[in-house]
Asks: 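Dropping the structure in here first, questions after.
Counting begins at 1 with the first residue of the sequence.
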Amino acid sequence: MAGRYGADQLSRFLSFAALVLIVLNLFFRSSVLWVLALVLLVLVYVRMFSKNLERRRMENETYLRWKYKLTGGVRNWLDRQKQRRDYVFFRCPACHAMLRVPRGKGKIRVTCRKCGNAFERKT
């Protein structure tokens with residue numbers, strides 16, 4: 001494997017997707033699912049044995065960017081849910097940045113760290 005790209009996050013995702021398609025094919029007996037799974041597995045091996053390292057790195061980076069866009073909002077929401085007993089979350093009216101303020105302080109003046117906008121809110 002010297003000089004070859006090897007496995008990365010995109011390859012692992014494609015392998016998992018191929019496995020899911022193969023399992024679905026066991027239940028639905030569709031040639032389309034089987035061909036799609038086979039194409040994904042061939043793509044995984046082509047990427048793993050590729051010598052074009054820069055192109056494979058860019059493909060993986062694009063995949064990670066898309067993955068972060070899809071999962072980032074859910075991850076942030078889950079973090080806020082875990083902290084909501086101790087903190088109140090506000091959006092800055094000017095720049096829409098998420099601000100975290102301790103709960104139970106009454107009416108306070110909140111200053112956005114991103115844009116410097118100040119506004120009053122009840123915690």
Asks: Can you list the other members of the hydrophobic cluster that holds Leu70, where links are side-chain heavy atoms under 4.5 angstrom apart?
Replies: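 None; Leu70 is a cluster of one.
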Asks: For residues 5-14, which residue pairs qualify under side chain to side chain donor-acceptor pair (under 3.5 Å), counting only residues two or more places apart or in two chains?
Replies: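 Matches after skipping sequence neighbours: Tyr5-Asp8, Asp8-Ser11, Asp8-Arg47, Gln9-Asn60, Ser11-Arg47.
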Asks: Measure the spacing between NZ of Lys114 and CE of Met98 and express it to the nearest 0.5 Å.
Replies: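 If I round to the nearest 0.5 Å, the distance is 11.5 Å.
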Asks: Which ILVMFWY residues can you reach from Val42 by hopping between side chains whose heavy atoms are under 4.5 Å apart?
Replies: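 ILVMFWY cluster around Val42 also holds Val46.
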Asks: Can you run down the ring-ring contact (aromatic ring centres under 6.0 Å, His included) pairs that involve residues 75-119, sequence neighbours left out, and say none if there aren't any?
Replies: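 Listed by first then second residue: nothing to list.
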Asks: With sequence neighbours left out, what residues match Arg57 under side chain to side chain donor-acceptor pair (under 3.5 Å)?
Replies: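 In terms of side chain to side chain donor-acceptor pair (under 3.5 Å), with neighbours along the sequence ignored, Arg57 is linked to Glu54, Glu61.
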Asks: Hey, could you give me each pair passing salt bridge (Lys or Arg N to Asp or Glu O under 4.0 Å) that has a residue in residues 77-93? Not counting sequence neighbours.
Replies: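 Sorted result for residues 77-93: empty, none.
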Asks: Which other residues end up in the same hydrophobic cluster as Leu41, if Ile, Leu, Val, Met, Phe, Trp and Tyr are linked when side-chain heavy atoms come under 4.5 Å apart?
Replies: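 Hydrophobic cluster check, Leu41: joined to Ile22, Trp34.
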Asks: Is there a path of hydrophobic side-chain contacts, each under 4.5 Å between heavy atoms, that joins Phe16 and Leu36?
Replies: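 Same cluster: Phe16 reaches Leu36 through Ile, Leu, Val, Met, Phe, Trp or Tyr contacts under 4.5 Å.
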Asks: What is the minimum heavy-atom distance between Leu40 and Ala17, and which atoms define it?
Replies: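 Nearest heavy atoms, Leu40 then Ala17: CD1-CB, 4.0 Å.
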Asks: Go through the structure and list residues passing side chain to side chain contact (heavy atoms under 4.5 Å, CB included) with Phe27, not counting sequence neighbours.
Replies: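 By the side chain to side chain contact (heavy atoms under 4.5 Å, CB included) rule, Phe27 matches Val23.
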Asks: Taking the side chain as everything from C-beta on, heavy atoms only, tell me whether Thr123 gets closer than 4.5 Å to Pro102.
Replies: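 The answer is no; the side chains never approach within 4.5 Å.
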Asks: Quick one: CG on Leu99 to CG on Asn117, what's the gap to the nearest 0.5 Å?
Replies: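 Reported to 0.5 Å precision, the distance equals 9.0 Å.
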Asks: By the rule that ILVMFWY residues connect when side-chain heavy atoms come within less than 4.5 angstrom, directly or transitively, which residues belong alongside Leu19?
Replies: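 Hydrophobic cluster check, Leu19: no partners found.
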Asks: Kindly write out the residues that satisfy side chain to side chain donor-acceptor pair (under 3.5 Å) with Thr71, not counting sequence neighbours, or none if the list is empty.
Replies: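 Once residues adjacent in sequence are excluded, the partners of Thr71 under the side chain to side chain donor-acceptor pair (under 3.5 Å) criterion are Arg75.
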Asks: Can you check whether Lys51 reaches Arg4 side chain to side chain, under 4.5 Å on heavy atoms?
Replies: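 Lys51 vs Arg4: side chains touch.
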Asks: First locate atom CG of Leu14, then atom CE of Met48, and finally report the distance between them rounded to the nearest 0.5 Å.
Replies: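 Reported to 0.5 Å precision, the distance equals 11.5 Å.
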Asks: Report yes or no: do Met58 and Leu64 belong to one cluster of Ile/Leu/Val/Met/Phe/Trp/Tyr joined by side chain heavy-atom distances under 4.5 Å?
Replies: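 No; Leu64 is not reachable from Met58 via cluster members.
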Asks: To the closest 0.5 Å, what do you measure between CD (Gln83) and CD (Gln81)?
Replies: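 It is 10.0 Å, given to the nearest 0.5 Å.
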Asks: Which heavy-atom pair separates Asn25 from Ser30 by the least distance, and what is that distance?
Replies: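 The pair with the smallest heavy-atom distance is OD1-O, 2.7 Å.
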Asks: List in chain and number order the residues that pass ring pair (Phe, Tyr, Trp, His ring centres under 6.0 Å) with Tyr63, two or more places apart in sequence or in another chain; answer none if no residue qualifies.
Replies: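 Applying ring pair (Phe, Tyr, Trp, His ring centres under 6.0 Å) to Tyr63 gives Phe13.
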Asks: Just jot down the side chain to side chain donor-acceptor pair (under 3.5 Å) partners of Ser50, sequence neighbours excluded, or say none.
Replies: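 Partners of Ser50 by the side chain to side chain donor-acceptor pair (under 3.5 Å) criterion, ordered by chain and then number, come out as Arg56.
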Asks: Answer yes if Phe28 and Val32 sit in the same cluster of Ile, Leu, Val, Met, Phe, Trp and Tyr residues linked by side chain heavy atoms under 4.5 Å apart, and no otherwise.
Replies: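 They do not share one cluster, since no chain of ILVMFWY contacts under 4.5 Å joins Phe28 to Val32.
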Asks: Transitively linked via ILVMFWY side-chain contacts under 4.5 Å: Leu10 with Val20?
Replies: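 Linked, Leu10 and Val20 end up in one cluster.
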